[in-house]
A.B. asks: 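One structure, as structure tokens, below. Some questions next.
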There are 2 protein chains.
Amino acid sequence: MLLNLQGADRPLHRRIYDALKSAMRAGQLGPGTRLPSTRTLAADLNVSRNTVSLAYEQLVAEGYVVAHVRSMMAVAHSAPVRALPPAARPKISARPLLSAYGRRLTADPAMPPAGSYASRPGLRYDFRYGRPVIDEFPREIWRRLIAARARHGALDTFGYGPPAGYGPLREALAGYLWRARGMSCDAERIVIVNGSQQAFDLVARVLLDPGDKIVIEEPHYQGSRLVFEAAGARPIGVTVDAEGLDTTRLPPAAARIRLASVTPCHQFPTGVIMPLGRRLALLDWASRAKAWVVEDDYVSEFRYEGRPIEALQALDRSGRVIYIGTFSKTLFPALRLAYLVLPPALVRPVVAAKWMADRYTAMLGQEALTDFITTGRFERYLRRASTRNAARRRALIEALKLHLGDRVEIAGENAGVHLLVWLNDIRSRDIGSIIARAAGVGVGVYSIHPYYSRPPRRAGLIFGYASLTEAEIRAGIRRFAQII
Amino acid sequence: MLLNLQGADRPLHRRIYDALKSAMRAGQLGPGTRLPSTRTLAADLNVSRNTVSLAYEQLVAEGYVVAHVRSMMAVAHSAPVRALPPAARPKISARPLLSAYGRRLTADPAMPPAGSYASRPGLRYDFRYGRPVIDEFPREIWRRLIAARARHGALDTFGYGPPAGYGPLREALAGYLWRARGMSCDAERIVIVNGSQQAFDLVARVLLDPGDKIVIEEPHYQGSRLVFEAAGARPIGVTVDAEGLDTTRLPPAAARIRLASVTPCHQFPTGVIMPLGRRLALLDWASRAKAWVVEDDYVSEFRYEGRPIEALQALDRSGRVIYIGTFSKTLFPALRLAYLVLPPALVRPVVAAKWMADRYTAMLGQEALTDFITTGRFERYLRRASTRNAARRRALIEALKLHLGDRVEIAGENAGVHLLVWLNDIRSRDIGSIIARAAGVGVGVYSIHPYYSRPPRRAGLIFGYASLTEAEIRAGIRRFAQII
């Protein structure tokens, strides 16, 4: 028998095995075909009998070949029944039957948003919100913390970890939240998750059934809305005014709203900070309506005047607030670390949901972050980052005023890492061409449209400024002004 | 006015601010109360007027204080309406209204399993399945890979990453799967997830609605069953025999089974390897029944005789197999890295679900793993680990035979990282006391009960052996033999 023994880098018995199997698949060795004896094939191929035996044994173990009379071998009847064309791709059933959740997820053909993650090439000045700030990030400190933990990690930090997160990190966070946000919470109520997206998702899974009504801000951060909609919830938009969510417009307690999702620290995208009165009104409403309040405290670390107002969580006396904090804006998104501070009654369900979703969050980042916080470096870095961000914000506002003057209106308060800018003399429908022309000169700008259920009449842009230097900000705005 | 200015380490204006707020909360400064002028309070406290002004301004910004006539200040009516006892814990609503999913999750009071993650103290010889193997793990290589990427990572690997996973890792895996498992798959069909638990969860979310019927092995890995049950699916157990899942007992095509979840590489927990004939029969059934097959290839890297049989995925010609691979057994669980190889029709829904669940998996581990694979170190390590595991398995079997002889029956094939051992002369109901006595002498052993829907008549134990040295295995079994 002649076999085509390919792959000179592999052992001979493996090449014989492959050649025999290919022949079976191609139908050259049909079911029941007797194979040559080891002696015969060894002579044909000029190899040892032992080499042939090894190949035969493997084929027997896999069920391709069965022992025949007098220790002769034959091709099994079960194996080549389906002659497998070696390079065929599986048949594509283009429209598989999905679950209701899967159908909701894929109803929008733009889901998941393709290619919106990598930096857009050719954008020298990219004002995209959410880009990581790494020019001043203490990379070397972080590298050392990571490397130290990678070397000395205990056995327990390599194995299965606790679903609520690394204990020392939860303790460190409880201390940080007390110092920075006036929040008095036990570490037991803190759950570490993979970014705030997972926090929203776990909350939605544990609390929302299809058809449940929820309140969202209008305009709003669409990431949380999409999660709630994927869970089948029906969002009711409540208008944001100069004090954030307008609590006088909240549905009555009888409306059976399950939760309200808000960004009181710096409303996204308008940049309004919710004052204390509104905060108390919202909590009152939640208590009466038996609704949960999801407080997305995504950027409370960056407020450039006065101290941050107390978190809703710190004011809550009815156990209604679900607090979400993140390290994506203070450190970097790829760390994938955020946390929930939960009302006691929700700790068990959310931890169970986390355990079910992915057991627990990868340990190395949690460990390094623990060291970063407990050594005081995190808060020192936050102070530096805050000064830096405030200067970048000032540079952006000055550049906008210098180059565009009355043509723009700057919204929002002195906080956060982005600015909402209204373009007074641009119609909303022309914003697409403005963005394209800006990209043509290397400036990335972004419409506020995605954050509104109905696009506003005025054109508006979101400028993320934290990841650009002041010089870049000035140069970018100068170029931008030239094209509008 | 006398104020109790606590906290000598904080700025004076902050201490005044805190003291005033405490007084408001405690009711000492009721709504409408006029505050002393800045001049008066400055004199009372022997500080500058400017310091008092800073404190007042912050209280105004937060809504606690309002400007009164002639620039006098007064306590706002909205703020202290609710006198907040500083240390009060939120009211606990012990039984919050949960979603159907949340109720399924928490129906079992043992969910999430508390404290089963950390090493059990006092167990010198812990045969727990799934413990990480780090005594020979190339920790220093890993540390260097991690440290190099932490230092030199590109801007893109700090920011938001692609939901399907780090591109170069998906490419590296496609090559590895081709070399190691004969799988021919494009990187586009590979999705990186946080451990195989997330793989099961995403599959369940995208494919299963409450009430859907699925096939599971009996006995089975309970981690996947729990995910499917949490999704509301109704599992139908199909018996495992000496060839794995008995395909002749699969429900008829008309039974509308949505998927079958199997462990053909090394059935969990029995250790049986599914031969080719069965594999083809299972795929035939799936194609006729229009059911998905979830192939949990959790330990295919460790087979100590012959080559691994082709994965179901490699035999699939109908696009029905959802393949799950993990690095928890080959590297370590805390890495939280696993992957799906999907039929083309499921790529978009699963990537959308991943994006919704937590955007994407943390980058640093993905990057280091890419380097580990592409430099050939991963496969070299696998060969060493395989030799080491085979020796540990042999040591375990020899020790069991030496000390327990006919009293035990060893099940399963020469593969994997655990052994199923039947105790011939122990009744099933006595296994709990055996385990407790073993723990008393420092030996951790684990019943097979959790893996069975109905406990078998014989007592059986699962021995994970990969994380113990041969000497530890021998000593542990010697001790264990003394107590039974």
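All figures in this text were calculated on a predicted structure; none of them were measured in a lab. Numbered from 1 within each chain, the chains take letters A, B, ... in sequence-line order.
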A.B. asks: So which part of B/A100 gets closer than 4.5 Å to some heavy atom of chain A, the side chain, the backbone, both or neither?
C.D. replies: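 Both parts, backbone and side chain.
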
A.B. asks: Between A/L335 and chain B, with a heavy-atom cut-off of 4.5 Å, which part of the residue counts as in contact: side chain, backbone, both or neither?
C.D. replies: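 Just its backbone gets close to chain B.
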
A.B. asks: So, are B/R205 and A/D201 salt-bridged, with charged N and O less than 4.0 Å apart?
C.D. replies: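 Salt bridge: yes.
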
A.B. asks: Only pairs of heavy atoms separated by less than 4.5 Å count here; which of A/I146, A/D209, A/L208 has the most with chain B?
C.D. replies: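 Sorted descending by pairs with chain B, the first entry is A/D209.
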
A.B. asks: Measure B/R258 against the heavy atoms of chain A and call it side chain, backbone, both or neither at under 4.5 Å.
C.D. replies: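 The side chain, not the backbone.
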
A.B. asks: Under 4.5 Å heavy-atom distance to chain A, tell me which part of B/R279 shows up: side chain, backbone, both or neither.
C.D. replies: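 For B/R279, there is no contact with chain A at all, as no heavy atom is under 4.5 Å.
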
A.B. asks: Using heavy-atom distances under 4.5 Å, tell me whether B/F200 contacts chain A through its side chain, its backbone, both, or neither.
C.D. replies: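 Neither part.
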
A.B. asks: Which heavy atom in A/M111 sits nearest to a heavy atom in B/A352, and how many Å separate them?
C.D. replies: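 Here A/M111 and B/A352 meet closest at CG-CB, 3.9 Å.
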
A.B. asks: So which part of B/L97 gets closer than 4.5 Å to some heavy atom of chain A, the side chain, the backbone, both or neither?
C.D. replies: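 Contact with chain A: backbone and side chain both.
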
A.B. asks: For residues A/Y64 and B/E310, is any side-chain donor paired with an opposing acceptor at under 3.5 Å?
C.D. replies: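 The criterion, which ignores hydrogens and geometry beyond distance, is satisfied for B/E310 and A/Y64.
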
A.B. asks: Please classify the contact between B/L226 and chain A as side chain, backbone, both or neither, with a heavy-atom cut-off of under 4.5 Å.
C.D. replies: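 Contact with chain A involves both backbone and side-chain atoms of B/L226.
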
A.B. asks: For B/L105 and A/M356, work out which heavy atoms get closest and say how close.
C.D. replies: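 That would be CD2-CE, 3.6 Å.
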
A.B. asks: Select one option (side chain, backbone, both, neither) describing which atoms of B/S467 are under 4.5 Å from chain A's heavy atoms.
C.D. replies: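 Answer is neither: B/S467 stays 4.5 Å or more from chain A.
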
